[in-house]
Enquirer: 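Before anything else, here's the structure in question.
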Amino acid sequence: MAKTFGLSHLFMTIFLHHFSIFMVIPAITDVTMSALCPGRDECSLAIYLTGFQQAIIGLGTLVMMPLVGNLSDKYGRKALLTVPMCLTIIPLAILAYSRTRGFFYAYYILRTLTAMVCEGSVHCLSLAYVADNVPEGRRASVFGILSGMGSCAFVCGNVSTRFLSTSSTFQVATSVAIVAALYMRIFLPDSIRDGSLYTPILSKGKADINCPVEEKDSTDKVQLFEGLPSIEDMVFLLKSSTTFSQAAVVAFFSNLADLGLHASMMYYLKAKFHFNKNQFADLMVISGIAGTISQLLLMPILAPVLGEERLLSIGLLFNCAHMFLYSVAWSVWVFFLCYFTDNHKFLMQLLYSPFCLFLHIHVCGTIVSKQVGSCEQGKAQGCISGICSLASVVSPLAFSPLTALFLSERAPFNFPGFSIMCIGFASMIAFIQSIMIRAAPRIPFQRVSCCNPALA
């Protein structure tokens with residue numbers, strides 16, 4: 001009962017946090033265009049700045065995600081969750097105050113700096129929190145519920161944006177972000193406590209369920225970056241399991257495609273179909289409703305039947321097909337149709353990418369969580385998040401210039417969706433790798449992590 005109670009608070013925390021983040025997505029493109037290129041529907045500067053920001057954030061999170069995951073194994077998930085949830089408030093508050101060019105650049109700089117810690121860390125730590133408290137055989141279903149809570153927040157946030165002015169959108173988002181941080185600090189129980197906080201940086205092979213606690217002198221001062229695994233540790237972790245390394249490859253290429261699509265899609269819709277805040281919100285609401293139904297109701301049922309590996313392959317196959325269809329879309333209704341069918345086939349929500357709540361990333365997290373011990377979940381999820389962060393560095397460098405070129409008058413040939421088609425090929429690589437993943441041996445339900453005696 002206590003364990004379920006703790007997970008319910010995690011779900012509410014995730015809902016509130018992502019509500020505040022998702023509700024600004026439909027508005028941010030219009031804010032960026034208004035600040036940088038007033039009165040225009042195509043702006044190469046906005047595309048380049050967005051891509052540059054994404055690359056810098058990815059470079060920072062490439063270092064921070066393994067560090068955050070590993071430190072959470074030592075000091076607890078709750079303590080590490082506090083940092084990104086508080087930092088998220090700052091850039092939102094700036095645009096809540098004003099959206100003129102000067103304030104936009106202030107937002108841009110602070111968003112870039114804070115996102116190095118915030119981007120993906122809430123996702124990483126929430127997966128580790130679930131892995132602490134849920135038996136291996138049931139994690140896919142709980143990860144699906146966690147993703148479904150993100151979908152609920154996605155729908156509610158975008159519905160709110162649809163009926164709010166731009167200024168009110170950022171003011172409400174800031175308020176909800178503050179409430180989310182306070183709720184987490186007050187109600188969420190930590191999943192690792194007291195003596196179980198200290199674990200070895202990397203055990204040789206999969207740890208036993210009863211993870212050993214190392215003795216250490218109480219006078220020792222732990223330095224911050226002692227929690228950062230070395231490159232050798234990360235390579236050893238990838239080599240320790242073929243399934244782990246295959247999931248890492250899938251995570252890299254799928255994230256490469258997801259982030260490239262996120263950076264390109266909204267500017268593509270703005271330039272070709274003249275979308276505004278309300279139309280973006282409409283599109284996302286349709287996507288979110290379908291995603292909520294599939295992830296909260298259908299995924300918990302089908303994941304144990306089909307298996308995470310097969311579910312991942314099916315999702316990536318349709319994801320790839322839809323990207324190719326987006327690239328040649330001839331009318332707005334094609335996007336609405338694809339968004340709806342995409343979610344009912346358990347595929348990613350296209351505009352989730354800044355916060356790494358993709359369904360297939362959750363499935364990768366499920367696969368990876370079975371390859372390490374119960375006290376190394378933060379390290380493993382941090383490794384995968386770090387690999388996703390590497391993709392977020394490469395993706396804008398590859399696709400942002402391509403998008404800006406083919407949306408401009410300087411395009412070598414008339415194909416505005418050419419960059420999206422190239423993104424589809426990256427997704428195809430992820431699909432091909434995913435069909436090579438073989439199911440890892442399952443551990444019986446009764447073998448539950450004991451890292452959290454208080455919640456057991």
Side-chain angles (χ1 to χ4, degrees), residues 10-32 50 54 57 81 84-85 87-93 95-96 107 111 114-115 118-124 126 145-181 183-184 258-259 261-263 265-266 269 275-296 335 339-340 342-343 347-359 361-362 392:
L10 175 68
F11 294 151
M12 179 56 69
T13 298
I14 292 300
F15 175 84
L16 292 172
H17 176 71
H18 288 97
F19 180 93
S20 67
I21 292 174
F22 288 144
M23 71 179 301
V24 304
I25 295 179
I28 195 63
T29 301
D30 283 348
V31 170
T32 303
T50 301
Q54 187 175 305
I57 291 172
L81 271 171
M85 293 189 70
L87 290 178
T88 299
I89 300 170
I90 301 173
L92 292 176
L95 290 186
Y107 159 83
R111 158 72 179 153
T114 58
C118 303
E119 196 91 346
S121 57
V122 173
H123 165 78
C124 166
S126 62
I145 295 173
L146 189 66
S147 183
M149 295 305 296
S151 295
C152 290
F154 189 73
V155 173
C156 295
N158 284 288
V159 168
S160 300
T161 302
R162 183 65 177 80
F163 298 102
L164 291 173
S165 66
T166 300
S167 59
S168 298
T169 295
F170 286 96
Q171 291 166 2
V172 172
T174 303
S175 301
V176 175
I178 294 172
V179 171
Y183 182 93
M184 184 273 299
D258 296 341
L259 293 170
L261 188 63
H262 169 73
M265 181 63 75
M266 298 182 79
L269 293 173
F275 267 41
N276 57 29
K277 174 181 73 72
N278 292 338
Q279 290 172 304
F280 283 131
D282 292 338
L283 194 64
M284 294 178 194
V285 167
I286 293 174
S287 171
I289 291 174
T292 301
I293 294 172
S294 66
Q295 293 175 34
L296 283 179
F335 286 92
Y339 266 70
F340 186 78
D342 207 19
N343 283 280
L347 306 178
M348 63 157 195
Q349 280 65 55
L350 292 176
L351 299 175
Y352 271 29
S353 55
F355 315 103
C356 295
L357 278 175
F358 300 112
L359 177 58
I361 295 300
H362 279 284
S392 70

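Since this is a predicted model, take the numbers as computed values, not measurements.
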Enquirer: For a quick test of reading the model, state the closest non-hydrogen atom pair linking D30 to F275 and the distance between them.
Expert: OD1-O, 4.3 Å

Enquirer: So which atom in S160 and which in M23 form the shortest heavy-atom distance, rounded to 0.1 Å?
Expert: CB-CE, 4.0 Å

Enquirer: Hey, what do you get for SG (C118) to CD1 (I90), rounding to the nearest 0.5 Å?
Expert: 8.0 Å

Enquirer: Any idea which heavy atoms bring F22 and N158 closest together, and the distance?
Expert: O-OD1, 3.9 Å

Enquirer: Are I25 and F280 packed together at the side-chain level, in the sense that at least one heavy-atom pair is separated by less than 4.5 angstrom?
Expert: no

Enquirer: Looking at every heavy atom in both A177 and L92, which two are closest together, and how far apart are they?
Expert: CB-CD1, 4.2 Å

Enquirer: Return the OG1 to CG distance between T29 and L269, rounded to the nearest 0.5 Å.
Expert: 9.0 Å

Enquirer: Please check: side-chain N/O of H18 versus main-chain N/O of I14, any donor-acceptor pairing under 3.5 Å?
Expert: yes

Enquirer: I need the minimum non-hydrogen distance between L10 and S126, along with the two atoms involved.
Expert: CD2-O, 4.0 Å

Enquirer: Taking all non-hydrogen atoms of both residues into account, name the closest pair between T88 and P84 and its distance.
Expert: OG1-O, 2.7 Å

Enquirer: Going by heavy atoms in the side chains, are Y107 and V31 under 4.5 Å from each other?
Expert: no

Enquirer: Rounded at 0.5 Å granularity, tell me how far NZ in K277 sits from CG in L164.
Expert: 7.0 Å

Enquirer: Rounded to the nearest 0.5 Å, how far does CG of L16 lie from OG of S175?
Expert: 12.0 Å

Enquirer: Can you find a pair of side-chain heavy atoms, one from E119 and one from R111, that are under 4.5 Å apart?
Expert: yes

Enquirer: Please round to the nearest 0.5 Å and tell me the distance separating atom OG1 of T161 and atom CD1 of I28.
Expert: 11.5 Å

Enquirer: Distance from L146 atom CG to F15 atom CZ, nearest 0.5 Å?
Expert: 13.0 Å

